[in-house]
K.L.:
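What follows is a structure written as C-alpha cells; I'll ask about it next.
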Protein chains: 2
Amino acid sequence: MIRILLAEDQAMMRGALAVLLGLEDDLEVVAQVGTGTEIVPTALEVRPDVALLDIELPGISGLEAARELTELVPECRVMILTTLSRPGYVREAMAAGAVGFLVKDGPVEELADAIRRVLRGETVLDPDLAAATLRAVANPLTARERDVLAASEDGSSIADIAGRLFLSPSTVRNYLSAAIGKTGTRNKTEAALTARRNGWLA
Amino acid sequence: MIRILLAEDQAMMRGALAVLLGLEDDLEVVAQVGTGTEIVPTALEVRPDVALLDIELPGISGLEAARELTELVPECRVMILTTLSRPGYVREAMAAGAVGFLVKDGPVEELADAIRRVLRGETVLDPDLAAATLRAVANPLTARERDVLAASEDGSSIADIAGRLFLSPSTVRNYLSAAIGKTGTRNKTEAALTARRNGWLA
DNA sequence: ATCCACCACTGACAATTGTCACGGTCGGCT
DNA sequence: AGCCGACCGTGACAATTGTCAGTGGTGGAT
C-alpha cells in the first residue's frame, strides 16, 4: 500500500484528488493539508511514502516544503503538482529534491501511474517541460533586484518600495532600472510581470 | 438521472470532478469541455439538465456562456463553479441567469448536493458570499474606463494603450485618471489591480 | 427642450519614473 | 594584492504619467 500525503489549497481539488486516488487498490491518502506550514509536521507524524505538493500554498510554498522534506523525511518521495509550469519552477523543484513534476493540465489518469513510477525510483517529468526548462534562461536577477521587483508587484510607487525596504529611492530606481534591462522590458510593471511569469521571484 | 455538462479548463480538475460526480447514482456527466467556446454548441447537442461552468476559460468566459445558455437552452440550469469569488462575479452570474454559485474552496461533498438542489428549483449561494456581494459597491467604472484599465494590465505605456484602442494619448490619460480616482488608488497599475480584484473588468 | 452622463480630444503643469554617470564599501577569488 | 561582482548611495536629465481646466458631440431621460 502506497501511503500518500496531499498538499493542495483548493479544498474541492484536494477532496476530489483524494477520492480519486483512494479508488486505486494500491494507493491510500493518509493525510491531507491545505497550507504549506502543515506539510512538514504532518509528514513527520504520518511518514508517507509520497508527498504530492502544490507550489502556491498559504504559509510556506511547496518548494520550500520540498527542501525541508527531503532533509527531515528522506524516505518520502516528493512530487510537485502545480497549475502553471513556470520554467524556474521545474528547476527549483528538482534542486529541492523533487523526483516528479506534474501540471494540472494533464489527464487525471496519469496521476496514479506517476506516483507508482516515482516509487519504483523513476523520475517523472514531462519531456516537453524538461526541454522548455533547459531552453529557458536561468534567473539573471540578483537578490536585491528580486526584492524590489517583488515589492513593486502591487503597483507601489518607488517611494513606497524604498520605505518598505529601508533603501533610498534612488537606489530602488537603480535596481529597477537594472531589472528592466535584464528582463528586456520597458517599465517596472512589465518587469515584475515577466519576472513573475518566469518564476524568478519568490 | 441528472445529466451534467462540465466546463473547466484544468484537465486534472475536470477529470477528477467527472469521476467524482459519476460515482453518484443519480448523476451522469454527459459532456466535458475545456474551453468556453465549446459550451453552447455542446449544450445544444446533448441537452444537459445542469451546466457546471468555470468562469476563467479560454475563448469566451463562463459568464458569457451562461447568458447564451439561458437563452438558447432554457431548460438547462446554469451553475458557476469558480476559484475566486470576486464580488462582481456573483452579481454578474445571477444577472446572467445562473441559479447556483459555488467556490472551489468548499468541500467536494457539497457539490453533488448542490446540483440536486438547483434541480429541485432552489438557488444555491453561500450566505456569506451573498452578503459580501450586497455589501460590495457596484461597478463604478464606465465602459471606456474598463477598456483602458484592461489594456493597461500588462504594464503597457499610455502610448501603447492609445494605439491599441485608437484613442489619443491624452484621452487615455483622462480615463485612467478617472479610474484612479474612482478606485481610490494612486496610479494605473494599482487601479487595474483593484478593478480586476473586484471583478469590474471583463 | 433641457439636462445629464458618457464619449473624445487638447493643452498645460507637476509629479513620478527611467537612464546614466559617478563614488564608495564589502566579500570572494586568483 | 588586485580584480570582480553585488551592494548602497547621489545627482542630473529626459521621458512618462497624473491632474486639471476646458471644448465639443452624442443619446437617453424628464
Side-chain angles (χ1 to χ4, degrees), chain A residues 88 91-92 95 137-202, chain B residues 88 91-92 95 137-202:
Chain A
R91 195 185 302 268
E92 278 215 60
V137 278
N139 192 337
L141 303 173
T142 70
R144 264 319 196 209
E145 287 160 0
R146 283 196 295 276
D147 290 343
V148 291
L149 273 190
S152 81
E153 278 192 297
D154 59 352
S156 296
S157 72
I158 288 183
D160 287 345
I161 303 170
R164 228 179 303 157
L165 297 181
F166 305 104
L167 292 175
S168 125
S170 323
T171 304
V172 173
R173 272 189 305 167
N174 283 340
Y175 284 133
L176 283 176
S177 191
I180 290 168
K182 288 180 181 178
T183 52
T185 50
R186 303 206 310 292
N187 53 53
K188 59 180 154 92
T189 311
E190 277 189 3
L193 228 55
T194 65
R196 172 62 67 186
R197 262 201 285 268
N198 284 73
W200 291 341
L201 302 181
Chain B
R91 194 185 303 267
E92 277 214 59
V137 276
N139 192 337
L141 303 173
T142 70
R144 264 316 196 213
E145 287 160 359
R146 282 198 296 277
D147 290 344
V148 290
L149 274 189
S152 81
E153 278 192 295
D154 59 352
S156 296
S157 71
I158 288 182
D160 286 345
I161 303 171
R164 228 178 305 156
L165 298 181
F166 305 103
L167 293 176
S168 126
S170 323
T171 303
V172 173
R173 274 189 305 168
N174 282 339
Y175 286 133
L176 283 176
S177 192
I180 290 167
K182 287 180 181 178
T183 52
T185 51
R186 303 207 309 292
N187 53 53
K188 60 181 155 84
T189 311
E190 277 189 2
L193 228 55
T194 65
R196 172 62 67 186
R197 263 201 285 270
N198 284 77
W200 290 341
L201 303 180

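Excluded from the calculations below are hydrogen atoms, water molecules and symmetry mates; all remaining heavy atoms, backbone and side chain alike, are included. Proteins come first, then strands; the chains are lettered A, B, ... in the order of their sequence lines, and each starts at number 1.
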K.L.:
Encode nucleotides 24-30 of chain D as B, S and - characters from 5' to 3', where the letter depends on protein heavy atoms closer than 4.0 Å: B to the base, S only to sugar-phosphate, - to neither.
P.N.:
-------

K.L.:
Rounded off to whole Å, could you give me the CG-to-C1' distance for the A:N174 and D:dA12 pair?
P.N.:
12 Å

K.L.:
Check the distance between D:dT19's P and B:R186's CZ and give it to me in whole angstrom.
P.N.:
11 Å

K.L.:
Determine yes or no for a side-chain-to-main-chain donor-acceptor pair under 3.5 angstrom, with B:K188 supplying the side chain and B:L176 the backbone.
P.N.:
no

K.L.:
Could you tell me whether A:T171 contacts a base, only the sugar-phosphate backbone, or nothing, with contacts defined as non-hydrogen atoms closer than 4.0 Å?
P.N.:
base

K.L.:
Going by the salt bridge (Lys or Arg N to Asp or Glu O under 4.0 Å) test, which pairs reach into residues 193-202 of chain A, not counting sequence neighbours?
P.N.:
A:E153-A:R196

K.L.:
Just the rounded figure in Å: distance from P of D:dG5 to CG of A:L141.
P.N.:
17 Å

K.L.:
Judged by atom type as modelled, is there a donor-acceptor pair below 3.5 Å linking the side chain of A:S156 to the main-chain atoms of A:S152?
P.N.:
no

K.L.:
Where each residue is assigned the nucleotide of DNA chain C containing its nearest heavy atom, which of B:N187 and B:L167 is assigned the position nearer the 5′ end?
P.N.:
B:L167

K.L.:
Any side-chain donor-acceptor pair under 3.5 Å between A:T189 and B:T189?
P.N.:
yes

K.L.:
Can you give the first and last nucleotides of DNA chain C, 5' to 3', that have an atom under 4.0 Å from a heavy atom of chain A?
P.N.:
C:dT17 to C:dA21

K.L.:
Hey, does the side chain of B:T183 reach the backbone of B:A179 with a donor-acceptor pair shorter than 3.5 angstrom?
P.N.:
yes

K.L.:
Relative to the 5' end of DNA chain C, which residue comes earlier, A:I158 or B:E145, by the nucleotide with the nearest heavy atom?
P.N.:
B:E145

K.L.:
Output yes when a side-chain donor or acceptor of B:R146 lies under 3.5 Å from a complementary backbone atom of B:L141, and no otherwise.
P.N.:
yes

K.L.:
Evaluate the side chain to side chain contact (heavy atoms under 4.5 Å, CB included) criterion for residues A:I180 and A:E190: first the C-alpha distance (whole Å), next the side-chain angles of each, then the deciding distance (0.1 Å), finally the verdict.
P.N.:
CA-CA 8 Å; A:I180 290 168; A:E190 277 189 3; over 6 Å; no

K.L.:
Keeping A:N198 on the side-chain end and A:W200 on the backbone end, is there a donor-acceptor pair under 3.5 Å?
P.N.:
no

K.L.:
Which part of the nucleic acid does A:R144 contact within heavy-atom distance under 4.0 Å: base, sugar-phosphate only, or nothing?
P.N.:
sugar-phosphate

K.L.:
Whole Å only: how far is the CG atom of A:D147 from the C1' atom of D:dA6?
P.N.:
13 Å

K.L.:
Would you say B:S177 reaches D:dT19's phosphate, i.e. side-chain N/O to OP1/OP2 under 4.0 Å?
P.N.:
yes

K.L.:
Mind checking A:T142 for me? I need base, sugar-phosphate or nothing, with any heavy atom below 4.0 Å counting as a touch.
P.N.:
sugar-phosphate

K.L.:
For D:dC8, take OP1 and OP2 only and decide whether either is under 4.0 Å from a side-chain N or O of A:S170.
P.N.:
no

K.L.:
Looking only at atom types and distance, does a side-chain atom of B:D147 sit under 3.5 Å from a main-chain N or O of B:L165, one as donor and one as acceptor?
P.N.:
no

